[in-house]
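Here is the naming used below: chain letters follow the sequence lines, and residue numbers restart at 1 for every chain.
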Amino acid sequence: METRKSLFRKVERAIEAIERSPDVASTITQTASAVIENFREDLGVRGGRLYERRDGGYELTRTFGDVRSVDLGLFVPDAYPPVQRVIDEGVVVMDLTAPGVDQEFEKRLDADRFAAIAVGDDEYILAFTVDPTAPDDDLMSSLGIMRLAVDQKLRQNRFVSALNEARQIQMSILPKRSVRRGAIEVAGYTAPAEIVGGDYFDFIPLSDRILGVAIADASGHGLPAALQVRDVYTGLRMGVERDFKIVRTVERLNRIINQSRMTTRFVSLFYGEVEEEGNFMYVNAGHPPPLHFHSRGVTMLKQTGMVLGPSSTATYSRGFRLLERGDALLMYTDGMFEAHGDGGNEYGLSRLTDAFLEIRDKPADEIARRLIEQVQAFAGGGEPEDDQTVVVIKRGEDPPVVPVEGNRLTGGSPRQTG
Amino acid sequence: MASAGVVIVGGGVIGCSIAYHLRRAGFPDSVVIVERDPSYRRASSRLAFGGIRQQYATEVNARMAQRSVEFYRRFDEEMAVDGRSANGRFRPRGYLFLADSENAESFSRRFEKMRSVGVAVEKVARDRMLRLVPGMNVSDIEFGLFGPQDGYGDPIGVLAGFRAKTESLGVEFVAGDLESVDVRADRIAGVRAGGRTIATERLVCAAGAFSRRVGELVGVSIPVSPVRQQLVRAALPRPWPFEFPVVIDPTGVHWRSAEGNAIVIAKTETTEPEGENFGSDPDRLAALQPVLTHRVPGLFGLETVSTWAGLYEMTADHNGLLGEHPERPGLFLACGFSGHGLMMAPATGEILASMLMDREPFVDVSALSVDRFRSGRLFQDEAMI
Ligand SMILES: Cc1cc2nc3c(=O)[nH]c(=O)nc-3n(C[C@H](O)[C@H](O)[C@H](O)COP(=O)(O)OP(=O)(O)OC[C@H]3O[C@@H](n4cnc5c(N)ncnc54)[C@H](O)[C@@H]3O)c2cc1C
């Protein structure tokens with residue numbers, strides 16, 4: 001169980017390396033290196049070979065890790081059965097006893113047992129020499145995931161222009177300025193990690209007294225995340241504007257995301273409606289719980305449900321809060337507390353609340369902007385590791401009052417005495 | 001230019017208590033308190049846990065604590081203004097320290113010391129502990145140290161009571177910062193605060209965790225550091241049939257009952273860095289919950305109501321700083337109680353009032369002089385937590 005988990009953590013790490021690569025050549029190189037580096041121990045991967053498509057077959061163009069490189073330029077015809085199998089199945093694990101394997105040939109390559117993936121619309125085959133005892137299942141699933149990631153990345157590289165377009169769509173989605181409803185002030189800010197981020201927030205005017213406020217995080221980055229965010233944006237707006245039942249809207253949105261063909265992953269969403277008098281009603285679909293700052297400290301809004309996407313039948317329930325004068329709600333995405341500083345420690349929720357308390361008297365939009373600046377300063381500047389988004393809802397305050405605090409005791413008589 | 005017999009920086013429980021005791025003892029001149037934060041948003045007094053105990057292992061601390069516990073017992077009447085009593089709500093539910101095999105020996109030593117300085121404390125066996133806290137898991141506990149007269153109060157009520165009473169006695173509050181201090185021939189001559197200039201020969205530092213900065217204004221060292229302490233208020237999973245004493249688990253997690261079928265929980269973190277940090281981890285309960293359910297299985301299912309943080313005013317040996325500063329005649333220190341200032345406030349007020357009126361305090365506090373840090377003779381009290 002533990003080793004499984006650690007294996008998948010390694011898969012994730014390898015995928016991250018792939019996702020960071022800037023072009024086709026380095027995507028392939030980084031995939032191969034990441035596989036060898038991360039799976040050497042668990043799966044006995046010793047080295048790899050890259051074959052590129054030529055007329056009628058594949059040519060060995062590069063080697064990685066611990067393999068002989070003397071055979072560069074070697075040509076393998078399409079008709080060679082293992083090549084056909086890897087093209088058909090995408091991922092294969094084979095040894096010398098598999099049907100159609102040319103034992104002489106493979107022995108010359110020192111490949112008694114090997115695993116291979118076809119990527120980039122079969123333009124490339126990556127073959128790895130593996131340990132005879134490495135479990136088939138683990139090899140197949142790890143490499144299978146890697147293959148999808150590489151394909152996605154390669155496709156993405158080809159779609160940079162489409163991506164820019166997506167970015168423009170996304171920028172047009174995000175609210176440009178803060179919004180007011182009576183003494184309620186709402187502002188948000190986002191700092192995307194990549195060209196297009198998976199974070200989004202929205203303010204939806206429902207009446208002159210009520211405002212809808214959403215924050216969401218589509219897992220992953222890039223084009224798929226951006227497109228999914230657009231689905232959430234449209235679905236939510238259409239839903240809440242037509243139907244006042246927020247639970248029903250979120251459940252419907254979940255079904256839309258679930259059926260969307262793009263859903264390799266999922267979206268977390270927090271949606272709430274705030275009234276001028278401070279009433280706040282919300283539904284949470286797996287989003288990090290917002291923080292309620294009040295005169296007695298800070299409280300998490302814990303009512304929550306499943307993220308949007310994985311289950312078409314997920315159900316949700318509402319939570320309520322009253323925002324008193326001087327109270328504030330802070331919504332955020334995980335990039336706001338998972339940022340790492342010098343020495344590798346996380347920014348964390350307590351730093352986030354500290355930063356908020358320092359500036360809680362400022363206007364909402366200034367708070368939002370400064371909170372992001374603080375996280376980025378903590379992380380030492382540069383591109384954020386993940387999107388960072390905050391939304392602040394503030395209810396205006398009267399002049400300072402004599403404190404009333406909640407750690408007050410009852411006068412009730414106890415039954416037990418000391 | 002205005003003048004005052006005494007100017008006190010800091011209008012928390014310590015500053016108010018000093019002013020109150022000065023008035024009560026018949027101090028002939030005016031008393032001014034400088035307090036920059038009238039809503040007390042960042043005052044430790046307002047943010048405290050509320051524990052009040054006399055279990056200390058040195059004579060001076062034990063006598064001060066005993067004096068204070070007595071004071072808190074009559075607090076609500078004594079602080080009444082216009083016939084309306086205060087709401088300090090001191091509850092003598094007791095303080096129960098739990099000793100496991102690892103700390104049994106040091107707790108036994110501490111017990112002997114406490115007895116020798118006259119503290120009301122009992123060594124209690126498992127059956128008695130179970131009567132004090134029904135449902136508690138005592139399988140890994142050797143014995144408990146129980147202070148039957150100890151307990152807890154409501155910090156807000158205590159602060160509000162002190163403040164209202166002092167104001168009613170004619171103490172003037174200046175709402176503003178202490179901006180500068182006029183020092184002539186090494187002595188205090190006056191202050192500037194909240195845009196006003198006040199001549200005075202006696203300045204008291206009761207600025208809690210912010211005391212070091214007062215020292216900087218006066219040009220002497222006041223070795224007090226701010227260190228964050230986080231608290232959690234959690235709703236009990238079902239109507240609870242009794243009020244807890246303050247229970248101190250061997251892990252350092254401690255809690256007490258609170259209004260609305262809830263408990264307030266704390267744990268002092270020895271690794272907490274210095275700094276004026278007020279952020280609290282809204283999910284802190286998750287880290288404390290395993291200890292709580294191990295100790296009292298019925299606490300499974302606690303739900304966070306809120307978390308908050310305030311500053312401890314730490315000194316190197318965790319004991320207070322009391323008395324006139326040896327390098328700056330006229331500057332009196334009443335700070336550095338290192339997380340115990342709420343319970344020490346009544347005695348501190350009384351002692352400072354005596355000192356400011358050139359009288360003998362009810363207990364010898366020379367051991368708490370700031371001098372100890374210069375001479376390297378730190379003052380140790382084994383019952384400090
Ligand atoms: C979370 C927590 C739990 C605690 N639990 C307990 C407990 O259970 N029992 C216990 O006995 N103690 C406890 N304490 C410690 C206790 O709260 C303090 O020791 C005590 O409140 C100190 O009182 P004070 O008046 O000196 O400080 P404060 O209440 O902090 O008051 C100092 C005041 O001085 C003002 N001030 C400071 N500098 C200036 C300046 N330059 N100009 C103008 N004004 C200034 C500040 O605004 C502040 O209001 C706890 C503390 C914390 C933070």
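Among B/Asp283, B/Thr307, B/Asn277, the residue with the largest count of heavy-atom pairs under 4.5 Å with chain A is B/Thr307. Most heavy-atom pairs under 4.5 Å with chain B, from the set A/Val298, A/Leu352, A/Leu291, A/Leu349: that is A/Val298. Chain A forms more heavy-atom pairs under 4.5 Å with one residue of B/Asp150, B/Val232, B/Val305 than with any other, namely B/Val305.
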What do the steps show when you test A/Arg296 against B/Ile156 for side chain to side chain contact (heavy atoms under 4.5 Å, CB included), and what is the final call? CA-CA 11 Å; A/Arg296 297 172 305 281; B/Ile156 310 287; over 6 Å; no
Any chance you could lay out the side chain to side chain donor-acceptor pair (under 3.5 Å) test for A/Ser350 and B/Arg228, step after step, and finish with the verdict? CA-CA 11 Å; A/Ser350 97; B/Arg228 177 180 72 153; 3.2 Å; yes
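If you measure heavy-atom distances from B/Gln149 to chain A, you find no contacts under 4.5 Å at all. If you measure heavy-atom distances from A/His292 to chain B, you find no contacts under 4.5 Å at all.
Taking OG of B/Ser306 as the reference point, atom CZ of A/Phe293 lies at 12.0 Å (rounded to 0.5 Å). Between B/Trp308 atom CH2 and A/Thr299 atom OG1 the span is 10.0 Å, to the nearest 0.5 Å. A distance of 7.0 Å separates OG of A/Ser295 from CZ of B/Arg46, quoted to the nearest 0.5 Å.
Side chain of A/Asp354 to backbone of B/Phe278: a donor-acceptor contact under 3.5 angstrom is found.
Atom CG of A/Asp342 has 12 or fewer heavy atoms from other residues, nucleotides or ligands within 6.0 Å. Around the CZ atom of A/Phe201, the shell of radius 6.0 Å holds more than 12 heavy atoms that belong to other residues, nucleotides or ligands. The neighbour count for A/Lys302 NZ, taken as heavy atoms of other residues, nucleotides or ligands under 6.0 Å away, is above 12. For B/Glu276, the CD atom sits in a packed shell: over 12 heavy atoms of surrounding residues, nucleotides or ligands are nearer than 6.0 Å.
Between B/Asp281 and A/Arg351, no side-chain nitrogen of the basic residue sits less than 4.0 Å from a carboxylate oxygen of the acidic one, so the salt-bridge criterion is not met. Ion pair B/Arg42/A/Glu358 flagged as a salt bridge, since at least one NZ, NE, NH1 or NH2 atom sits closer than 4.0 Å to an Asp/Glu carboxylate oxygen.
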